[in-house]
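Before any comments, here is the structure.
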Amino acid sequence: MAVEIPKDTWTGEVHAVTLGAIEADGGTRTKTVTVGGEKTLPFMHFEGETPNAPVVAVEIKDRRPDDWSPLLEEAWGSAMDDPAAWAKAAEEAGADLIQLSLSLTGSDGNPTTPQAAVDAVKAVLGATGLPLLVFGPGQADLDNELLVPVAEATKGERLVLGLCEDKNYRTIAATAMANDHLVIARTAMDVNLAKQLNILISDMGLPLERILMDPTTGALGYGIEYGYSVMERLRMAALQGDAMTQLPMIVTIGIETWKTKEGKVGDGVPEAWGDWKERAINWETLTAVTLIESAADIVVLRHPESVKRVKAAVTDLMTV
Amino acid sequence: MALSGIQIYKLLPQTNCKDCGFPTCLAFAMKLAAKQVELSACPHVSEEAKAQLAESAAPPVRLITLKSNGHEIKVGNEVVLFRHEKTFYNKPGLFIRVRDDQPADAVKAAVAAVDAYTVGYVGMDLGLDGFAVESVSGDAATFAAAIGAVRTVSGRPLVLISKDAQVMAAGLGAVDGEQPLIYGADGDNWEAMADLAKQHKAPLAVIGSSLDELAELTEKIKGKGIEDMVLDPGGRDLSTSLVQATQIRRLSIKKNFRPLGYPIIAFPCDAGDPARESVLAAQAIAKYAGFVVLGDFSPEKVYPLLVLRENIYTDPQKPIQVQPGLYEINDPKPESPLLVTTNFSITYFSVANEVEATGIPTWLMVADAEGMSVLTAWAAGKFDAERIAKSVKTFNVEDKVSQKRIVLPGHVAVLSGELEEELPGWEVKVGPREAVDLPAFMKQVL
Amino acid sequence: MAEHTVTFDIADEPVVVPTGTMLAEAARLAGIDIMQPCGGQGRCGRCAVQVTSGSARSRSAQRLSPEAIEQGFVLACQTVVEGDLTVVVPPQEKVERRLTTDRVAAEIAVPVGYDPHSAQTIRRFSLMLSPPDMADQTDDWSRLETALRQEADIPRLRVSLPLLQRVGAILREGEWQVTAVLDTETWDCERCLPRLVDLIPGRVPHTMPLWGAAIDIGTTTVSLWLVDLITGKVEAQVAEYNGQIARGEDVISRIIYAGKSDDNSREMRELVLGTINELFEKACKRVKASPAEVAKVTISGNSTMMHLLLGIPAENIRLSPFVTAVNQIPTLSAGEVGLDINPEATVDCLPGVASYVGADISAGVLSSGTDDTDAITLFIDVGTNGETVLGSREWLVTCACSAGPAFEGAGVRDGMRATVGAIEEVWVNANTFEPTYRVIGGKQPRGICGSGLISLLGELFLTGIIDKGGNFNVDLDTPRVREGEHGGEYVVAWGDGTEHGRDIAITRVDVDNLLRAKAAIYAGFTVLADSVGIPFETIEQMLVGGSFGKYINIEKAVDIGLLPDMPWDHFQFLGNTSIKGAYLALLDKRSRRRIRDIATRMTYIELSADNTFYDAFMSALFLPHTDLSRFPSVSEAMTTKG
Ligand code: SF4
Ligand code: FES
């Protein structure tokens with residue numbers, strides 16, 4: 001019996017967004033990474049094109065973090081003391097992108113200075129040819145204070161600056177616009193909020209081709225279902241032609257996974273949780289792959305083994 | 001095609017007699033459209049209307065039940081492609097594969113471990129559903145013996161795997177009176193397998209290498225009077241299985257294509273590598289499988305999958321809530337201030353974001369207000385002094401903070417007196433009404 | 001228990017109260033009425049008094065500034081007496097009166113073809129009885145019944161004992177000529193015997209009015225129309241603030257207050273009865289009648305008001321699963337309800353649908369004709385509860401979307417009711433960002449009322465002073481946009497031009513409150529339309545009710561996404577549809593039956609049951625809406641003005 005396979009016909013498609021700039025284009029990257037461009041739901045190769053595979057960014061910090069899981073310390077070792085070395089190690093671990101998170105304070109306990117932030121970014125840019133995403137420490141004032149000089153000092157690199165949020169998007173969007181960078185618009189697990197922030201940022205004049213959106217997700221067991229459904233809905237809206245949702249999506253899975261008890265802790269947890277390391281890596285990998293299948297274009301991870309597994313899964317998923 | 005509330009309403013008597021337990025016929029019609037009630041609840045529907053409504057009421061994915069002594073698992077009956085459109089109803093069964101070429105003791109030990117396994121997750125006890133016993137030996141007696149061994153330690157439902165009808169018959173004989181899943185029928189053995197399914201009133205898994213072949217087989221088997229079937233479309237890699245599962249679900253939901261209107265069975269156990277197996281199983285859970293067969297059991301593999309299954313199958317129509325609890329913002333110390341709010345996600349996020357932005361280390365207690373915002377919850381009696389005091393106790397707040405002072409949202413200043421009574425020895429402070437005013441308040445007052 | 005003396009500066013004598021007495025209660029005992037607009041919950045800060053000596057303990061001093069606390073100000077509703085006290089009561093803010101229904105109110109059209117004989121249940125008959133004598137010893141009552149049978153073909157009657165006790169005297173006083181007023185039929189007992197409502201000695205000329213009244217008990221305002229049931233004409237329209245305001249501005253506060261004790265519940269009942277009885281006095285005086293002549297009253301109002309009026313516990317209205325004690329109230333008499341009119345008068349409380357969709361909405365549907373048209377109609381009562389009805393002759397669905405009181409000027413820093421001194425409309429120059437405004441009463445402004453807020457929000461948005469998310473653009477080159485204590489704000493009037501000498505401004509928090517209110521109302525529309533699966537475009541008319549309704553500038557309301565973007569001619573403003581509905585039900589028994597049907601067949605959609613409303617709300621929480629394609633005329637306006 002010949003079954004007629006129903007194919008969805010979509011009128012919209014996701015913008016292709018290129019991260020990083022090579023020398024010819026005013027940057028110093030040895031390669032660029034393009035995400036987005038989907039013309040159909042994730043991996044429905046039989047009905048539409050998925051021109052760019054989802055990619056993995058590895059999160060590193062400007063200094064050895066105080067609160068990361070021992071499993072991560074074990075994995076990265078001394079590279080964690082030097083952002084440049086860490087970036088190299090991440091590249092070797094298979095990262096497509098490097099995501100540098102600036103710390104709230106230096107190791108001396110004083111707030112991170114703009115100069116220190118610029119130095120860290122430059123060091124990473126010097127150590128790897130991969131495109132770079134730079135996140136502020138997550139406090140509106142400090143983010144603005146650090147990201148503006150970083151953006152200015154790296155004009156033309158097409159860095160991705162994070163994070164624009166609904167109460168604090170103007171400064172970052174403005175500096176991205178002035179210095180040829182990209183931004184991430186982050187909203188709290190809601191389709192409408194995501195769309196609203198995209199509208200606000202694009203109303204400022206930043207083209208949609210330079211915005212990634214982060215609809216926020218919880219890790220497995222901690223609200224993954226919200227992130228999952230919000231991404232499915234956003235992607236469907238995009239394919240249905242809603243311009244303000246046609247942006248590639250990024251989710252910061254590493255930070256979410258490694259703050260859960262399942263990831264972070266090995267002692268004093270139920271025996272039924274099983275082997276710590278394997279469980280933790282499973283936690284990060286499954287969170288990532290599940291969200292990739294729901295439409296994530298960039299997943300930010302922390303453990304090198306998860307990077308390997310997620311990349312293998314993506315290869316499998318992209319096979320037609 | 002599913003009818004809308006108004007379309008159904010037009011077929012009802014429109015007398016608003018309330019016999020169905022709803023205030024109006026339209027209210028009943030809407031519930032019916034949402035598949036939350038049965039048509040039979042209205043005693044006054046005409047025969048003609050009944051006939052018209054029955055068609056729209058049949059589930060596009062058939063409900064399949066496996067039964068054993070004291071256990072039952074139901075899968076199927078799904079009505080949407082994406083969980084946000086309504087919800088996914090019946091969680092896929094997670095089964096552990098057991099091979100009959102293993103020594104009986106090894107089988108028993110493995111099965112006993114799985115049978116006993118439970119893991120706590122947000123107040124629930126999660127566990128696996130049953131076993132898939134596979135005939136590797138090809139020998140009927142060995143197969144029956146292995147099944148017997150399983151049954152000595154676990155009563156959970158079974159999937160029986162063999163393509164040899166004689167072996168299968170022996171297997172079924174070992175669990176007579178139960179309703180295991182027979183796996184399975186293919187182009188060669190389907191007639192014999194269908195006979196067995198009929199004889200044992202057990203559902204039958206149908207194996208095909210393409211959707212065309214599957215649909216043809218299910219139609220033939222249906223012709224033999226078998227209604228309960230499960231599909232194995234054959235894909236074993238992430239890309240093929242995702243596409244196949246999606247196509248099958250689409251055909252049944254959007255086209256009401258009956259030959260493929262059955263649950264799917266997936267075999268991540270065939271992946272070979274445990275890391276890849278986990279990823280395949282996760283996909284099967286999110287993307288439409290009814291039965292998922294896993295290889296060897298290990299808690300670190302199973303626990304994440306059980307949690308994922310809970311997450312994907314939670315009802316997305318419930319207001320987005322954050323888990324009630326004591327949240328740490330900016331690494332609080334025992335002497336840091338304590339704020340309280342409700343577990344409505346937007347409320348939580350707006351408070352948490354403002355506090356986070358101040359950089360002030362803070363404890364934020366999120367009380368269970370059934371996912372309502374502060375004012376709504378207060379109006380509805382879900383955020384009162386009693387509930388707040390209860391949260392303080394449940395979350396052992398007293399062990400974590402050294403300063404017994406709690407800051408109430410300004411909108412519920414009214415609760416301060418009662419809360420002082422509920423929490424003797426505590427100081428109750430009234431904070432601002434709006435989250436945006438928190439930073440100023442915290443800097444000046446706390 | 002220890003007792004303390006509390007001396008209030010404005011009271012005649014000190015009062016003695018036990019430890020732990022609430023200061024507000026002590027004041028009441030001293031004969032001082034302290035306003036408690038939030039129902040004594042410490043939320044509004046309007047019950048502040050100054051303790052000049054002695055000891056008191058306050059639970060909450062929220063809403064008081066540090067300086068005020070320093071000076072000894074406390075909230076009377078949050079403070080308990082713990083020792084002898086001396087208290088200064090500051091002058092209480094007077095409720096301003098500018099109610100539209102007054103002498104100047106527009107005349108109300110009598111329904112076409114009104115015929116009391118066929119429509120009215122209250123009938124009046126002049127009867128000539130033959131006097132008794134030794135040959136005819138028939139009892140007085142039978143004599144009355146016989147006369148009625150002969151005159152009006154009414155064989156038998158019901159009567160209450162108090163009236164029966166007076167029958168003999170009345171017959172003799174009128175020398176066997178009397179006028180009988182009957183209620184011939186009630187909606188809940190169509191086959192019951194007619195009931196004697198009044199018996200008047202002598203012959204009342206048939207041109208004399210026969211009085212009935214339609215009442216709308218609003219949370220804020222109570223309105224009463226005095227109607228001549230013979231002609232159907234409204235002869236007097238009066239209105240007054242609901243006396244319960246002193247014990248809570250919103251329904252939730254009042255439910256909580258009334259629920260605290262039987263005394264409180266009785267007090268609430270008496271407060272609203274006081275207001276109604278005052279209105280009867282006033283209206284009757286105007287037409288030179290006596291309240292005792294009123295034979296029938298039809299009452300409309302939201303479910304909470306109805307429960308509180310009748311002294312029926314209202315707690316379950318606010319508590320999940322939100323059920324009323326009763327939606328269809330049986331016919332009552334004025335005596336039992338507590339109205340100071342003829343105690344035999346029929347009191348007909350109109351039916352409601354649910355906790356937050358009350359008789360006022362059923363009445364609104366009736367008077368707006370939403371239930372009697374083929375055109376798909378959206379009817380909204382713009383107010384705190386934002387009740388909305390969608391439907392036509394075939395079906396009706398309804399919901400209430402708790403918009404909050406922002407559009408009534410509450411919960412907004414410089415918000416106020418639409419009374420003298422309120423800015424009611426604002427225009428902002430797109431280049432200079434300077435405003436022009438209109439003030440009710442034409443004098444210096446004191447605040448901004450709901451319509452002013454709508455127009456201001458629209459202007460701020462179209463001129464780019466706020467972005468679509470409501471964030472102020474503080475980089476603009478104008479002193480009017482500045483950083484205030486709640487983030488950005490815009491100064492509408494500088495202090496040197498205002499009545500109180502303070503700047504009048506709209507703050508970030510105000511904008512958020514207004515956005516939430518408008519989003520809730522618009523989301524209600526969307527959910528209703530979705531619930532029955534009809535596209536928004538198929539809505540053929542949009543009826544706006546509520547006394548507030550008539551002041552809204554449609555264009556601005558559409559600009560901010562409060563009302564849907566529809567052609568102008570789809571909109572119709574109806575004013576107080578609740579009292580109009582009560583009036584129709586008072587006049588015509590067919591209308592009364594119709595409103596019963598309306599309440600029975602309206603399908604109530606509970607918005608908190610699932611996420612649909614939340615989603616619609618979030619998407620409406622933007623200017624004008626996250627989905628701009630729903631507001632084509634606004635996108636156009638943005639390109640021209642912005
Ligand atoms: S029982 Fe039937 S006729 Fe009666 S209200 Fe329910 S649906 Fe309508
Ligand atoms: S604060 Fe006391 S009555 Fe409102």
Side-chain angles (χ1 to χ4, degrees), chain A residues 1-6 8 41-46 67 104 138-142 165 167-168 188-190 220-226 228-230 232-233 236 262 270-279 281-283 285-286 289-290 293-294 305 308-310 312-313 316-320, chain B residues 82-84 117-122 210-216 219 237-240 242-243 246-247 250-251 254-255 257 259-260 274-276 278-279 282-283 285-287 298-305 307-308 310-312 314 316 320 322-323 331 345-346 349 353 356-359 436:
Chain A
M1 179 194 279
V3 177
E4 194 194 323
I5 304 289
D8 285 331
L41 288 172
F43 315 108
M44 294 295 112
H45 305 298
F46 67 96
D67 57 351
L104 197 56
Q139 282 179 19
D141 295 343
L142 196 56
E165 297 185 276
K167 295 274 180 324
N168 184 47
M189 295 201 241
D190 183 277
L220 177 59
Y222 295 82
I224 189 179
E225 65 272 32
Y226 300 127
Y228 182 85
S229 284
V230 167
E232 281 193 335
R233 290 181 61 184
M236 274 205 273
E262 282 82 351
E271 210 174 302
W273 288 12
D275 177 72
W276 177 21
K277 183 170 169 189
E278 182 60 23
R279 177 225 313 148
I281 289 167
N282 258 335
W283 218 261
T285 305
L286 294 199
V289 177
T290 304
E293 285 169 351
S294 87
E305 177 61 24
K308 200 174 108 200
R309 293 188 188 177
V310 171
D316 196 350
L317 283 165
M318 287 299 289
T319 313
V320 181
Chain B
F82 301 97
R83 58 187 289 282
H84 68 258
Y117 181 77
T118 64
V119 60
Y121 172 69
V122 294
S210 70
L211 300 194
D212 294 352
E213 195 185 323
L214 261 184
E216 205 170 295
E219 282 300 88
D237 64 86
L238 284 169
S239 175
T240 317
L242 179 63
V243 165
T246 307
Q247 290 176 341
R250 264 196 210 168
L251 279 161
K254 289 181 151 178
K255 302 281 172 211
F257 183 67
L260 294 178
R276 188 154 176 267
S278 285
V279 171
Q283 184 192 71
I285 287 169
K287 293 292 179 186
S298 78
E300 60 273 14
K301 173 164 83 185
V302 163
Y303 174 44
L305 293 174
V307 171
L308 180 65
E310 288 308 312
N311 291 167
I312 295 291
T314 46
I320 304 190
V322 286
Q323 201 116 306
D331 287 321
S345 69
I346 293 296
F349 280 121
N353 285 345
E356 213 171 290
T358 62
V436 288

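Both the backbone and the side chain of Pro6(A) come within contact range of chain B, judged by heavy atoms closer than 4.5 Å. Looking at Thr118(B), the atoms closer than 4.5 Å to chain A (heavy atoms on both sides) all sit in the backbone: N, CA, C or O. Contact annotation for Val436(B): only side-chain heavy atoms (C-beta onward) come within less than 4.5 Å of a heavy atom of chain A. Looking at Ala312(A), neither its backbone nor its side chain comes within 4.5 Å of chain B, counting heavy atoms on both sides. For Met189(A), the parts lying under 4.5 angstrom from a heavy atom of chain B are both the backbone and the side chain. Only the side chain of Leu41(A) comes within less than 4.5 Å of a heavy atom of chain B; its backbone N, CA, C and O stay farther away. In this structure, chain A has heavy atoms under 4.5 Å from both the backbone and the side chain of Pro304(B). Within the 4.5 angstrom heavy-atom criterion, atoms from both the backbone and the side chain of Phe43(A) approach chain B.
Under the 4.5 Å side-chain criterion, counting only non-hydrogen atoms from C-beta, Leu286(A) is in contact with Ser278(B). Here the side chains of Ser239(B) and Val320(A) are not in contact, with every heavy-atom distance at 4.5 Å or above.
Of the listed residues Glu165(A), Glu271(A), Glu293(A), Arg309(A), the one with more heavy-atom pairs under 4.5 angstrom with chain B than any other is Glu293(A). The choice from Phe257(B), Phe349(B), Phe82(B) that makes the most heavy-atom pairs within less than 4.5 Å of chain A is Phe82(B). When the candidates Asn168(A), Thr319(A), Asp8(A), Asp190(A) are compared by the number of heavy-atom contacts under 4.5 Å with chain B, Asp8(A) comes out ahead. Ranked by heavy-atom pairs under 4.5 Å with chain A, the first of Glu219(B), Lys287(B), Glu213(B) is Lys287(B). Ranking Leu211(B), Leu251(B), Val322(B), Leu305(B) against chain A, the residue ahead of the rest is Leu251(B), based on heavy-atom pairs under 4.5 Å. Counting heavy-atom pairs closer than 4.5 Å to chain A, the top-ranked of the candidates Gln283(B), Glu216(B), Glu300(B) is Glu300(B). When the candidates Ile285(B), Leu308(B), Thr240(B) are compared by the number of heavy-atom contacts under 4.5 Å with chain A, Leu308(B) comes out ahead.
Under the side-chain contact (heavy atoms from CB on, under 4.5 Å) test applied with Val279(B), the options Thr285(A), Val310(A), Asp316(A), Asn282(A) reduce to a single match, Thr285(A). Remark: of the listed residues Tyr222(A), Trp283(A), Trp273(A), Tyr222(A) is the sole one forming a side chain to side chain donor-acceptor pair (under 3.5 Å) with Glu262(A).
A donor-acceptor distance shorter than 3.5 angstrom exists from the side chain of Tyr121(B) to the backbone of Gly221(A), with no hydrogens or angles considered. Under the 3.5 Å distance criterion, the side-chain polar atoms of Arg83(B) are matched with a main-chain donor or acceptor of Ile312(B). Counting only distance, with no hydrogens or angles, the side chain of Tyr117(B) and the backbone of Ala272(A) share a donor-acceptor pair below 3.5 Å. No donor-acceptor distance shorter than 3.5 angstrom exists from the side chain of Arg233(A) to the backbone of His84(B), with no hydrogens or angles considered.
Note that CG of Asp275(A) and OG of Ser298(B) are 8.5 Å apart. Values are rounded to the nearest 0.5 Å.
The existence of a salt bridge linking Glu356(B) and Lys167(A) is excluded, since no basic side-chain nitrogen approaches an acidic carboxylate oxygen closer than 4.0 Å.
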